[in-house]
Novice: 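Next up is a structure, given as structure tokens.
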Amino acid sequence: MRITPLMRRRLANFRANRRGYWSLVIFAVAFFLSLFAELIANNRPILVHYDGGFYFPVFKDYPETAFGGDVEINAKYDDSGVGPLIREKGGWILWPPVRFDYDDLVTNTPTPAPSPPTWQNPLGTDDQTRDVFARLIYGFRISVLFGFLLTILGSIVGIAAGAVQGFFGGTTDLLFQRFLEIWSSMPTLYLLIILASFIEPGFWSLLGIMLLFGWMGLVGLVRAEFLRGRNFDYVRAARALGVSNVRLMFRHILPNAMVSSLTFLPFMLAGSVTTLTALDFLGFGLPPGSASLGELLLQGKNNLTTPRLAFIGFMVIAVALSLLVFIGEAVRDAFDPRKLPA
């Protein structure tokens with residue numbers, strides 16, 4: 001893919017914003033590591049070497065009989081399961097750094113739950129004796145993935161709606177504006193709570209509900225760009241040559257409108273993560289027991305005598321949202337023609 005001189009200048013301008021550049025690096029590394037949460041915190045080994053063969057329990061279930069056991073049930077690899085049998089054959093087990101999944105109950109805590117940090121539980125446990133670090137990394141992953149999906153889908157709907165509204169104008173624009181005024185005046189958070197209370201909570205159902213209101217952020221920006229762009233000379237010339245409206249919209253005008261849209265995306269992502277966190281904190285988000293940042297904040301609220309839980313939840317959310325805001329500012333500066341280097 002050939003990088004144009006304009007894009008090269010924009011990339012240089014983005015890198016010149018050191019705060020935004022390093023925020024992108026830190027956020028990308030944290031998100032990349034969270035994608036491999038099963039290799040960092042899990043109650044299954046990453047790799048088992050037994051009797052000359054290699055097994056990957058983190059990806060596949062194996063029966064106890066595969067390791068010399070007598071029962072056709074899923075193997076447990078600690079000392080109460082097939083661990084001694086594996087070692088008898090000269091085998092070995094590679095465990096993740098944290099040997100607990102996000103919903104595992106820790107049974108050998110030094111104090112009653114919530115217990116303080118130990119070597120086996122780096123951030124301690126919550127009030128249900130679940131490992132906080134495991135829930136943190138899984139919760140960060142699902143929150144950011146949810147935010148990415150909501151931002152991408154909402155952007156597609158919002159850009160398409162703004163394009164139609166701005167390109168055709170007239171009655172179409174007037175009717176759409178009245179609809180947006182009514183739709184945007186609804187109390188979004190309360191409606192989300194009401195809908196989530198009688199619809200079975202789940203990742204995809206919650207995404208669909210939030211998408212009903214998460215697409216309006218870009219409509220005004222795209223509409224303004226299309227209202228301006230449809231009167232450009234090259235657009236009028238293309239229309240005179242018989243170019244279809246769809247091609248005019250998405251081939252000739254949309255690339256110019258995408259500049260303002262791209263600068264807004266990091267802020268939309270931050271808003272999506274915040275909304276999911278708020279719903280989880282209020283108990284109307286993901287199913288009970290799911291790892292989420294909002295549930296971690298709720299743990300801090302319910303355990304005021306253990307400020308560690310509230311501090312961890314607050315710091316993770318505050319740092320993640322701050323990084324996204326800094327990235328958004330850097331993207332905005334990169335596309336600002338007044339700040340492009342000569």
Novice: Any side-chain heavy atom of R223 within less than 4.5 Å of one from F176?
Specialist: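 R223 does not reach F176 side chain to side chain.
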
Novice: Are F311 and V319 connected in the hydrophobic side-chain network, where two residues link if heavy atoms are under 4.5 Å apart?
Specialist: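 Same hydrophobic cluster.
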
Novice: Quick one: CD1 on I327 to CG on L265, what's the gap to the nearest 0.5 Å?
Specialist: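 So the CD1 of I327 and the CG of L265 are separated by 12.0 Å.
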
Novice: For the pair R332 (side chain) and T263 (backbone), establish whether a donor and an acceptor sit closer than 3.5 Å, ignoring hydrogens and angles.
Specialist: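 It does not hold such a pair.
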
Novice: Locate the shortest heavy-atom distance separating H252 from A238; write the atom from each residue and the value.
Specialist: NE2-CB, 4.4 Å

Novice: For D233, look at atom CG and say whether over 12 heavy atoms of other residues, nucleotides or ligands are found less than 6.0 Å away.
Specialist: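 No, CG of D233 has 12 or fewer neighbouring heavy atoms, counting only those of other groups under 6.0 Å.
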
Novice: Walk me through whether L153 and L207 qualify under side chain to side chain contact (heavy atoms under 4.5 Å, CB included).
Specialist: CA-CA 10 Å; L153 295 177; L207 180 65; 4.1 Å; yes

Novice: I need the D51 CG to L85 CG distance, nearest 0.5 Å.
Specialist: 12.0 Å

Novice: Run L296 and R135 through side chain to side chain contact (heavy atoms under 4.5 Å, CB included) and show every step you take.
Specialist: CA-CA 8 Å; L296 188 59; R135 295 188 66 78; 5.7 Å; no

Novice: Quick check: are there more than 12 heavy atoms from other residues, nucleotides or ligands sitting under 6.0 Å from CZ of F148?
Specialist: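 Yes, the 6.0 Å shell around CZ holds more than 12 heavy atoms from other groups.
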
Novice: If Ile, Leu, Val, Met, Phe, Trp and Tyr residues are connected whenever their side-chain heavy atoms lie under 4.5 Å apart, and connections chain through other members, are V325 and I26 in the same group?
Specialist: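 No: no chain of side-chain contacts under 4.5 Å links V325 to I26.
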
Novice: Is any side-chain heavy atom of L136 closer than 4.5 Å to one of L293?
Specialist: yes

Novice: Are any of the side-chain heavy atoms of D127 and Q299 separated by less than 4.5 Å?
Specialist: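 Side chain of D127 against side chain of Q299, heavy atoms only: contact under 4.5 Å found.
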
Novice: Check for a donor-acceptor pair, side chain of S115 on one end and backbone N or O of P110 on the other, with a separation under 3.5 Å.
Specialist: no

Novice: Is N13 close to N17 at the side-chain level, that is, under 4.5 Å between some pair of heavy atoms?
Specialist: no

Novice: Step through the shown structure and confirm whether more than 12 heavy atoms of other residues, nucleotides or ligands are within 6.0 Å of CZ on R251.
Specialist: no

Novice: Are side-chain heavy atoms of F168 and D173 found at a separation under 4.5 Å?
Specialist: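 SC-SC contact between F168 and D173 ruled out.
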
Novice: What distance separates F267 CZ from L321 CG, expressed to the nearest 0.5 Å?
Specialist: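 Reported value, rounded in 0.5 Å steps: 12.0 Å.
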
Novice: Does the S143 side chain pair with the main chain of F140, one donor and one acceptor, at a distance under 3.5 Å?
Specialist: no

Novice: Do the non-hydrogen side-chain atoms of L206 and L276 ever get within less than 4.5 Å of each other?
Specialist: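 Side chain of L206 against side chain of L276, heavy atoms only: contact under 4.5 Å found.
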
Novice: Can you run down the ring-ring contact (aromatic ring centres under 6.0 Å, His included) pairs that involve residues 91-125, sequence neighbours left out, and say none if there aren't any?
Specialist: H49-W92, Y102-Y138

Novice: Students often mix this up, so state it plainly: with edges at 30° and 60°, are the rings of Y234 and F232 parallel, tilted or perpendicular?
Specialist: tilted

Novice: Provide the closest heavy-atom pair for V58 versus E38 in the form atom of the first, atom of the second, distance.
Specialist: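 Looking at all heavy atoms of both residues, the closest pair is CG2-O, 3.6 Å.
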
Novice: Taking NZ, NE, NH1 and NH2 as the nitrogens, is one of them in D131 or R99 under 4.0 Å from a carboxylate oxygen of the other?
Specialist: no

Novice: Would you check if the side chain of T118 reaches a backbone N or O of N121 as a donor-acceptor pair within less than 3.5 Å?
Specialist: yes

Novice: Between the side chains of Q177 and E181, is a donor N or O closer than 3.5 angstrom to an acceptor N or O?
Specialist: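 Side chains of Q177 and E181: no pair found under 3.5 Å.
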
Novice: Is there a chain of hydrophobic side chains (I, L, V, M, F, W, Y, each step under 4.5 Å between heavy atoms) that links V235 to V243?
Specialist: yes

Novice: Compare all side-chain heavy atoms of S34 with those of I137 and state whether any distance is below 4.5 angstrom.
Specialist: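 When only atoms from C-beta onward are counted, I137 and S34 do touch, with a gap below 4.5 Å.
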
Novice: So which heavy atom on L39 is nearest to which on P97, and how close?
Specialist: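 For L39 versus P97, the nearest heavy atoms are O-CD, 3.5 Å.
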
Novice: Pairing donors with acceptors under 3.5 angstrom, does anything connect the side chains of N43 and D101?
Specialist: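 The answer is no; no qualifying pair exists.
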
Novice: What closest approach, in Å, do G20 and F14 show between heavy atoms, and which atom pair accounts for it?
Specialist: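 Taking every non-hydrogen atom into account, O-CZ, 4.1 Å.
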
Novice: State, to 0.1 Å, how close N108 and Q120 come at their nearest heavy-atom pair, and which atoms those are.
Specialist: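 For N108 and Q120, the tightest heavy-atom pair comes out as OD1-NE2, 3.1 Å.
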
Novice: I want to know whether F27 and F326 have ring centres closer than 6.0 Å.
Specialist: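 No, the ring centres sit 6.0 Å or more apart.
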
Novice: Look up atom CG in L297 and atom CD1 in I312, then write down how far apart they are to the nearest 0.5 Å.
Specialist: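 Result: 11.0 Å between the selected atoms.
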
Novice: Given Y50, which partner from the list F67, Y62, F56 fulfils the ring pair (Phe, Tyr, Trp, His ring centres under 6.0 Å) test?
Specialist: F67

Novice: So, do R308 and P117 sit near enough that their side-chain heavy atoms are less than 4.5 Å apart?
Specialist: yes

Novice: Do L286 and L211 sit in the same hydrophobic cluster, where Ile, Leu, Val, Met, Phe, Trp and Tyr count as joined when their side-chain heavy atoms come under 4.5 Å apart?
Specialist: yes

Novice: Quick one: do L105 and R130 satisfy side chain to side chain contact (heavy atoms under 4.5 Å, CB included)? Show the steps, please.
Specialist: CA-CA 5 Å; L105 301 181; R130 298 172 302 191; 3.8 Å; yes

Novice: Roughly how far apart are Y77 OH and I93 CD1, rounded to 0.5 Å?
Specialist: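 Between atom OH of Y77 and atom CD1 of I93 there are 8.5 Å.
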
Novice: Looking only at non-hydrogen atoms, find the nearest pair between L269 and G147 and report the distance.
Specialist: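 Heavy atoms of L269 and G147 come nearest at CD1-C, 3.2 Å.
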
Novice: According to a hydrophobic-cluster definition based on side-chain heavy atoms being under 4.5 Å apart (Ile, Leu, Val, Met, Phe, Trp, Tyr only), do V273 and I152 belong together?
Specialist: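 In one cluster with V273: I152, no.
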
Novice: Going from CG on L175 to CD on Q165, what distance comes out if it is rounded to the nearest 0.5 angstrom?
Specialist: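 It is 10.0 Å, given to the nearest 0.5 Å.
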
